[in-house]
**Student:** 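Dropping a structure here in structure tokens format, bear with me for questions.
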Amino acid sequence: MRFFLALFALVMLIACDQVPVSDGAIRKVEAAKARNDAPAIWRVQDEDSTLYLFGTVHLLPTGLSWQKDDLRDVFAQSGTVFFETDQTGAAGLRAQALATQLGLRRDGRRLTDDLDNYQAKLLEAVANNGGLDLAALDSMEPWLASEFLTLSAATAAGLSADLSADEALKSRARRSGKNLLYFEQPESQIRQIADLPKPVQLDLLTDTMERFDEMGDRLAEIAEAWSVGEVETLEGLIVSPLDGAPEGYVEAVLLDRNEAWADRLDRFLEGSGTGLVVVGTAHLLGDGS
């Protein structure tokens, strides 16, 4: 086990009360919560370097208060800020083109040709309930239809990716002259889900359709729990449902990426300085975080 993974695993276990901790440590945690109800921040450090890890939610409602003093202090200390990816400029345009290329059917078939009767009727019901264009959905690959339905449910619930903590902190980091580093190219993020086997994509789509009517409320609940640092609640809302995910999905979208990112952060810790890691909060929760 690499140094960073081992140390971070210990930090996570303490944060989640899965190993015994002293009364003094518990009091410090409770005092921090009382002082600053805000998204959780973890700290990993050695003799001459420090990494702060800040988990984000990619879809947030207007007016949600999450930028508190602890985060502002950590941001000010950090010379380097790591993000998942940069979707601005030419990179963003390439990603959009790739999503269109990989996400829209080009084989003369429709999405419903791959669905059984139950799934096809479910798609029709979801389109009707969500006020969505069934023909447009029928032109998509399963992975893109699942993403589209999730975003549609979030939008209907008043959530937006444009308001995400990721985008807010990227903007602030650019304005502040921070050293911005990215773990992945946008195209690789798209391929992580677009290259999943078709049966896995269909399972994901079916799960999304079955949860569609409640999805907006659930995403809003996640945003609210995240904003006040309710780590255990987030594990129940985000991590627990992954127990039933199709084979290979969790590895592709979370675990394999976590391991690659940890290698990159190991190299940062081998040097000196202070850095801030800003990634989706699912990457900082549960086993393999």
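Computed from a predicted structure; not experimentally measured.
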**Student:** Is any side-chain heavy atom of E210 closer than 4.5 Å to a side-chain heavy atom of T206?
**Tutor:**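 Yes, side chains in contact.
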
**Student:** Do L265 and V44 have side-chain heavy atoms sitting under 4.5 Å apart?
**Tutor:**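 Sidechains of V44 and L265: no contact.
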
**Student:** Can you tell me how far apart NE2 (H283) and CD (E84) are? Round to the nearest 0.5 Å.
**Tutor:**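 Those atoms lie 4.5 Å apart.
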
**Student:** Are the side chain of R105 and the backbone N or O of D138 linked by a donor-acceptor pair below 3.5 Å?
**Tutor:**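 Such a contact is absent between R105 side chain and D138 backbone.
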
**Student:** With the side chain counted from C-beta on, respond yes when L104 and M140 share a heavy-atom pair under 4.5 Å apart, and no when they do not.
**Tutor:**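 Heavy-atom side-chain distance check passes, below 4.5 Å.
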
**Student:** Verify side chain to side chain contact (heavy atoms under 4.5 Å, CB included) between N117 and K121, making sure each step is shown before the conclusion.
**Tutor:** CA-CA 6 Å; N117 184 65; K121 293 297 184 183; 4.0 Å; yes

**Student:** For Q201 and E141, which I'm curious about, is there any donor-acceptor pair between the side chains at under 3.5 Å?
**Tutor:**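 No - no donor-acceptor pair under 3.5 Å links their side chains.
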
**Student:** Do L255 and D287 have side chains that get closer than 4.5 Å, going by heavy atoms?
**Tutor:**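 No, their side chains stay 4.5 Å or more apart.
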
**Student:** Find out if a path of hydrophobic residues (ILVMFWY) with successive side-chain heavy-atom gaps under 4.5 Å connects L60 to V279.
**Tutor:**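 Yes: a chain of side-chain contacts under 4.5 Å links L60 to V279.
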
**Student:** Is a side-chain donor or acceptor of S176 paired with a backbone partner of K178 at a separation under 3.5 angstrom?
**Tutor:**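 Side chain of S176 to backbone of K178: no pair is present.
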
**Student:** So if I apply the side-chain hydrogen bond (donor to acceptor under 3.5 Å, both in side chains) rule between Q192 and each of E251, E187, E184, which one comes out positive?
**Tutor:**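 Per the side-chain hydrogen bond (donor to acceptor under 3.5 Å, both in side chains) rule, the option paired with Q192 is E184, out of E251, E187, E184.
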
**Student:** Kindly give the heavy-atom pair with the smallest separation between A40 and V231, and that separation in Å.
**Tutor:**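 Heavy atoms of A40 and V231 come nearest at CB-CG2, 3.8 Å.
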
**Student:** Treating S49 as the side-chain partner and D46 as the backbone partner, does any N or O pair qualify as donor plus acceptor under 3.5 Å?
**Tutor:**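 No, because the side chain of S49 does not come within donor-acceptor range (under 3.5 Å) of the backbone of D46.
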
**Student:** Rounded to the nearest 0.5 Å, how far apart are OG of S65 and CG of D37?
**Tutor:**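 S65 atom OG to D37 atom CG measures 10.5 Å (nearest 0.5 Å).
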
**Student:** Side-chain heavy atoms under 4.5 angstrom apart, residues restricted to Ile, Leu, Val, Met, Phe, Trp, Tyr: same cluster for W42 and F75?
**Tutor:**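 Hydrophobic grouping puts W42 with F75.
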
**Student:** Taking the inter-plane angle between the rings of F82 and F183 on a 0 to 90° scale, is it parallel (under 30°), tilted (30 to 60°) or perpendicular (over 60°)?
**Tutor:**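 Ring orientation of F82 relative to F183: parallel.
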
**Student:** Should I193 and L219 be regarded as members of a common hydrophobic cluster, given that ILVMFWY residues are connected when their side-chain heavy atoms come within less than 4.5 Å of each other, either directly or indirectly?
**Tutor:**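 I193 does not cluster with L219.
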
**Student:** Is the backbone of G55 close enough, under 3.5 Å, to the side chain of T281 for a donor and an acceptor to pair up by distance?
**Tutor:**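 Here the side-chain-to-backbone pair does not exist.
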
**Student:** Check whether S227 reaches the backbone of E224 with its side chain - one donor and one acceptor, N or O, closer than 3.5 Å.
**Tutor:**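 Confirmed, S227 side chain pairs with E224 backbone.
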
**Student:** Would you give the length of the straight line joining atom CG of L276 to atom CG of L181, rounded to the nearest 0.5 angstrom?
**Tutor:**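 So the CG of L276 and the CG of L181 are separated by 11.5 Å.
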
**Student:** What's the shortest heavy-atom distance between A95 and P186, and which atoms?
**Tutor:**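 Distance-wise, the nearest heavy atoms are CB-CB, 3.5 Å.
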
**Student:** Any side-chain heavy atom of V277 sitting closer than 4.5 Å to one from F268?
**Tutor:**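 A side-chain contact is absent here, since even the closest heavy-atom pair is not under 4.5 Å.
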
**Student:** Check for a donor-acceptor pair, side chain of N258 on one end and backbone N or O of G288 on the other, with a separation under 3.5 Å.
**Tutor:**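 Answer holds: yes.
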
**Student:** With sequence neighbours left out, write down each residue that passes salt bridge (Lys or Arg N to Asp or Glu O under 4.0 Å) with E124, or none if nothing qualifies.
**Tutor:**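 Testing E124 for salt bridge (Lys or Arg N to Asp or Glu O under 4.0 Å), a comparison that skips the adjacent residues, returns none.
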
**Student:** If you look at every heavy atom in A282 and I238, which pair is closest and at what distance?
**Tutor:**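 Closest heavy-atom pair between A282 and I238: CB-CG2, 3.7 Å.
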
**Student:** Looking only at non-hydrogen atoms, find the nearest pair between L64 and W66 and report the distance.
**Tutor:**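 Looking at all heavy atoms of both residues, the shortest contact is O-CD1, 3.3 Å.
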
**Student:** Look only at the side chain of D217 and the backbone of E214, and say whether a donor-acceptor pair between them is shorter than 3.5 Å.
**Tutor:**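 Pair absent, no side-chain N/O of D217 close to backbone of E214.
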
**Student:** How long is the gap from CG on L71 to CG on L169, to the nearest 0.5 Å?
**Tutor:**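 Reported to 0.5 Å precision, the distance equals 5.5 Å.
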
**Student:** Would you call K170-E167 a salt bridge at under 4.0 Å N-O?
**Tutor:**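 A salt bridge links K170 with E167.
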
**Student:** How close do D166 and F83 get, counting heavy atoms only, and between which atoms?
**Tutor:**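 Looking at all heavy atoms of both residues, the closest pair is O-CE2, 3.9 Å.
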
**Student:** Taking side chain to side chain contact (heavy atoms under 4.5 Å, CB included) as the test, write out the residues that go with V126, two or more places apart.
**Tutor:**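 Expected list: L149, M209, F212.
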
**Student:** Show the nearest heavy-atom pair for residues A245 and V250, with the distance to one decimal.
**Tutor:**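 The pair with the smallest heavy-atom distance is CB-CG2, 3.9 Å.
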
**Student:** Would L269 and L284 show up in the same hydrophobic cluster when neighbours are defined by side-chain heavy atoms closer than 4.5 Å?
**Tutor:**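 Same cluster.
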
**Student:** Would you say that V74 contacts D70 through its side chain, given a criterion of any heavy-atom pair below 4.5 Å between the two side chains?
**Tutor:**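 When only atoms from C-beta onward are counted, D70 and V74 do not touch, as no gap falls below 4.5 Å.
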
**Student:** How long is the straight-line distance from CG of L123 back to OG1 of T208, given to the nearest 0.5 Å?
**Tutor:**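 With rounding to 0.5 Å, OG1 (T208) is 11.5 Å from CG (L123).
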
**Student:** Using side chain to side chain contact (heavy atoms under 4.5 Å, CB included) as the criterion, list what pairs up with L202, not counting sequence neighbours.
**Tutor:**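 Here the qualifying residues are D114, L115, P142, K198.
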
**Student:** One pair to check against side chain to side chain contact (heavy atoms under 4.5 Å, CB included): L134 and N128. What are the steps and the verdict?
**Tutor:** CA-CA 8 Å; L134 180 59; N128 182 65; over 6 Å; no

**Student:** Give a yes or no on whether I41 and W261 share a hydrophobic cluster (residues Ile, Leu, Val, Met, Phe, Trp, Tyr; joining criterion: side-chain heavy atoms under 4.5 Å apart).
**Tutor:**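 Yes, because I41 and W261 connect within a single hydrophobic cluster, where side-chain heavy atoms sit under 4.5 Å apart.
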
**Student:** To the nearest 0.5 Å, how far apart are CG in L93 and CG in L98?
**Tutor:**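 Going from the CG atom of L93 to the CG atom of L98 covers 12.5 Å.
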
**Student:** For the pair L204 and W143, evaluate side chain to side chain contact (heavy atoms under 4.5 Å, CB included) and give the outcome as yes or no after the intermediate values.
**Tutor:** CA-CA 7 Å; L204 289 172; W143 73 268; over 6 Å; no

**Student:** Are any side-chain N or O atoms of R218 and backbone N or O atoms of L237, one a donor and one an acceptor, separated by less than 3.5 Å?
**Tutor:**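 Judged by distance alone, yes, a pair lies under 3.5 Å.
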
